There are 2 protein chains.
Amino acid sequence: MKAAIPKPTVHDLAREAGVSLATVDRVLNERPGVREKTVARVKAAVERIGYVRDTHAANLARRRQYRFAIVLPEGPNQFVDTLRSAVQEASGAQFAERALVEMIPIPSHDPHAVARTLNGLNTARLDGVAIMAPETPQVRDAVDRLKDEGLAVVALVSDLPSSARDFFVGINSFAAGRTAAVLMGRFLRGLTGHILVVTNTMQARDSIERRFGFDAVMADEFPALEVLPSIESHDDPERMRRCVREALASYGDIRGIYSMGSGNTPLLEALRGAGDLEGRVVIAHEMTPVTRQALLDGEVDAVITQNVGHLVRSALRVLRARCDGVEIFEPQERIRIDIVIRENLT
Amino acid sequence: MKAAIPKPTVHDLAREAGVSLATVDRVLNERPGVREKTVARVKAAVERIGYVRDTHAANLARRRQYRFAIVLPEGPNQFVDTLRSAVQEASGAQFAERALVEMIPIPSHDPHAVARTLNGLNTARLDGVAIMAPETPQVRDAVDRLKDEGLAVVALVSDLPSSARDFFVGINSFAAGRTAAVLMGRFLRGLTGHILVVTNTMQARDSIERRFGFDAVMADEFPALEVLPSIESHDDPERMRRCVREALASYGDIRGIYSMGSGNTPLLEALRGAGDLEGRVVIAHEMTPVTRQALLDGEVDAVITQNVGHLVRSALRVLRARCDGVEIFEPQERIRIDIVIRENLT
DNA sequence: GTGCACCTGAGGTACGTCAATCAAAACCGG
DNA sequence: CCGGTTTTGATTGACGTACCTCAGGTGCAC
């Protein structure tokens, strides 16, 4: 019931480097007051004996508590709701891992309000922030400020590439759009007609990129299918229903519907009224209770999504790694573009 | 830079329960010598103040080293190779988390040899085992014995449902087969013809189940496509090439090829020789360097797979949780059936 | 009411690391 | 080689838990 080679400790390190424990500690924690030469000697010893610091013991000793905030758009949104519950779930487990996770809602559509919220964060009481917000100059500046104050920052779901964020946890929207297009085109093999594209708003970066990827593939590989201009509901269910009905009426040959954003409920309502057309294919984004049920009912053929559980756990792992100054393990943090049909709905 | 509500410790627990630290310790670690009533009192206090034991501190104190073995089939197999490297990758990180992970090869096709290896494991030097092996009575008995000896046991990739294994980390093969069928049928929309099914051996439980799921969906939803009996290569590349060529020659209308197991290299070689048929669709299982390249080259249309990184990390997490007597967080351990096409190949 | 088994309390050491103090040693310019 | 500065060493007490010992307490059976 024992055995196992014991891992080298700071004591072994000190002996190996021929210095005292205090010096080892100063080197490991990058405290001042150690000569270059000594630092090198200790680091060499680290390599030699393969010392790895015991993070748990270290956290215990320094009574570390990670304090993270997750900034999410407020207001009713199916996808954000699933994200929120994923955060809830995760923060229970995180609590045991000495992390406190706080959710902070932001008004979705006002860049200034978003920036104000970010700037209002009490950086002294936080170690890291995960942010899901559309990229604007105000947000970029706010993120840079957070970084300046020494926080770890990750962009969640939607990237903030021009900012100083440490990492992006989410999927590539172009690729997501391309994936949707291939499924759409292949499911409609041999047919000619129009594709309807609906979204909440084309202002959002995601929508633009998805559409871009979608169009590129459709034009290239499925020229028999013509993609119509995007219908935007602007968060108005009635408008969504009306526009979809109108489009179905004006074009007799709408073979496929690509739903790039939220608003799936009114979309499906509008479709229920319409008769079935041969091979009609509906592809939507993001797994939510609505799209899940629609998959089961055969009203949606495929959902392109990202696992919210992974999203949240990954964001928290990355924040933690940043705080510890540890390398992240990239393959684990790469969020996949999930294709979900009824049969692989777990 | 401080604040944060301190988590309750054993001391708080002892005070709350009105007992001594020693008693708290005895209760928490299920040591004998405590009256039922006192145990209940402590447990009530745990609930009341929401005490959660600090696993890291506990592991530190007991100088815990988890010793895990991962039992994998030996011999050349693309999928197992990717699994092996995933284990390699993971065990580096695990080392820092006080776990030693050892890989143990087993002769793939001899149930007795498998059982012999399992029975030969030094259970005194192990805390848990993850096993990828076909289910046989011998293996079942060996697993039960390991459980009797107090080890945590998880079945990896292929379930051992009749054994006493703690958990299964992998995907449902029926569902995987169904998923392949839906893609096959939909990609071949409107076409009539035959589907070729190839595998290494139909002895394997996986193959049987995949085929079962595949057939069910094809018969139900795509009656225009007729599925041929499985071609088995029995690990012989030449045989695979020959049989595939023969099949392609005998049937002029083979629209799709479903590769249920390994042997993708010779399959693809055989296909390269044959001319293109309208809409020909190839669907394979398991992401390996071969299938990945084939996706990129357009030789394979979709791959049904499971993420080996998740597989391994999940198995190790479950083993660890079992050893700690802690509940596992199910949603995180549920392995998804991934559908990969060129566009969502990350 | 005595003996004995069984419970419980008090206290200590350890785990690997952090953080702090104080004293000793090495270094350096003049 | 002096005095001051910079580097180092030795030591100590946490952190939250495990595990051990020893002493004292309780209750039960006879």
Side-chain angles (χ1 to χ4, degrees), chain A residues 1-2 4-43 45-46 49-66 95-98 323-326, chain B residues 1-2 4-43 45-46 49-66 95-98 323-326:
Chain A
M1 258 307 188
K2 73 276 316 289
I5 355 89
K7 262 179 35 174
T9 75
V10 275
H11 294 88
D12 304 318
L13 229 197
R15 192 161 1 91
E16 178 71 19
V19 301
S20 76
L21 262 180
T23 301
V24 164
D25 183 67
R26 288 189 263 255
V27 173
L28 289 182
N29 295 297
E30 290 174 333
R31 269 188 271 274
V34 185
R35 244 181 314 173
E36 271 309 316
K37 233 173 56 184
T38 318
V39 172
R41 204 136 56 94
V42 173
K43 287 189 171 162
V46 167
I49 67 174
Y51 168 81
V52 283
R53 175 213 232 97
D54 184 330
T55 333
H56 299 314
N59 283 341
L60 183 59
R62 73 172 67 163
R63 242 169 314 183
R64 193 146 189 22
Q65 280 270 80
Y66 301 87
F95 178 65
E97 303 272 324
R98 30 177 55 84
C323 290
D324 295 344
V326 164
Chain B
M1 261 305 190
K2 78 273 314 290
I5 354 88
K7 262 179 32 172
T9 75
V10 275
H11 295 85
D12 304 317
L13 228 198
R15 192 161 1 92
E16 178 71 17
V19 300
S20 77
L21 261 181
T23 301
V24 165
D25 183 68
R26 287 188 265 256
V27 173
L28 290 181
N29 295 296
E30 289 173 335
R31 266 187 275 276
V34 186
R35 242 179 316 173
E36 273 308 317
K37 234 173 57 183
T38 318
V39 172
R41 204 137 56 93
V42 173
K43 286 190 172 163
V46 166
I49 67 174
Y51 168 80
V52 282
R53 173 213 234 98
D54 185 329
T55 334
H56 298 314
N59 283 341
L60 181 58
R62 71 171 64 160
R63 240 171 316 182
R64 192 146 190 21
Q65 279 271 80
Y66 302 88
F95 178 64
E97 303 272 324
R98 30 175 54 84
C323 292
D324 294 345
V326 164

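Note that the structure is predicted; figures quoted are calculated from it, not measured. Side chains included, hydrogens not; waters and symmetry mates left out as well; all remaining heavy atoms used.
Applying the side chain to side chain donor-acceptor pair (under 3.5 Å) test to pairs two or more places apart or on separate chains, those with a residue in residues 17-27 of chain A are S20(A)-T23(A), D25(A)-N29(A), D25(A)-R31(A).
V19(B) is listed as a side-chain neighbour of R41(B), based on a closest heavy-atom distance under 4.5 Å.
Contact annotation: R35(B) side-chain N/O to dC6(C) OP1/OP2 distance is not under 4.0 Å. Residue T23(A) places no side-chain N or O under 4.0 Å from the OP1 or OP2 atom of dT8(D).
For R64(A) and Y66(A), the positive end sits near the middle of the six-membered ring, less than 6.0 Å away and at most 45° from its axis.
With rounding to whole Å, R15(B) atom CZ is found 13 Å from dA10(C) atom P. Between K37(B) atom NZ and dC6(C) atom P the separation is 18 Å, expressed in whole Å. E36(A) places its CD atom 16 Å from the P atom of dT6(D), with the value rounded to the nearest Å. Distance CG (L13(A)) to C1' (dT8(D)): 16 Å, rounded to an integer number of Å.
One finds a salt bridge joining R98(B) and D54(A) here, because a Lys/Arg side-chain nitrogen approaches an Asp/Glu carboxylate oxygen to under 4.0 Å.
Scanning both residues, T9(A) and Y51(A), for their nearest heavy atoms gives C-CE1, 3.7 Å. Across all their heavy atoms, P8(B) and I49(B) have their closest contact at CG-O, 3.5 Å.
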Contact state string [nucleotides 15-25 of chain D, B base, S sugar-phosphate only, - no protein heavy atom under 4.0 Å]: BBBBB------
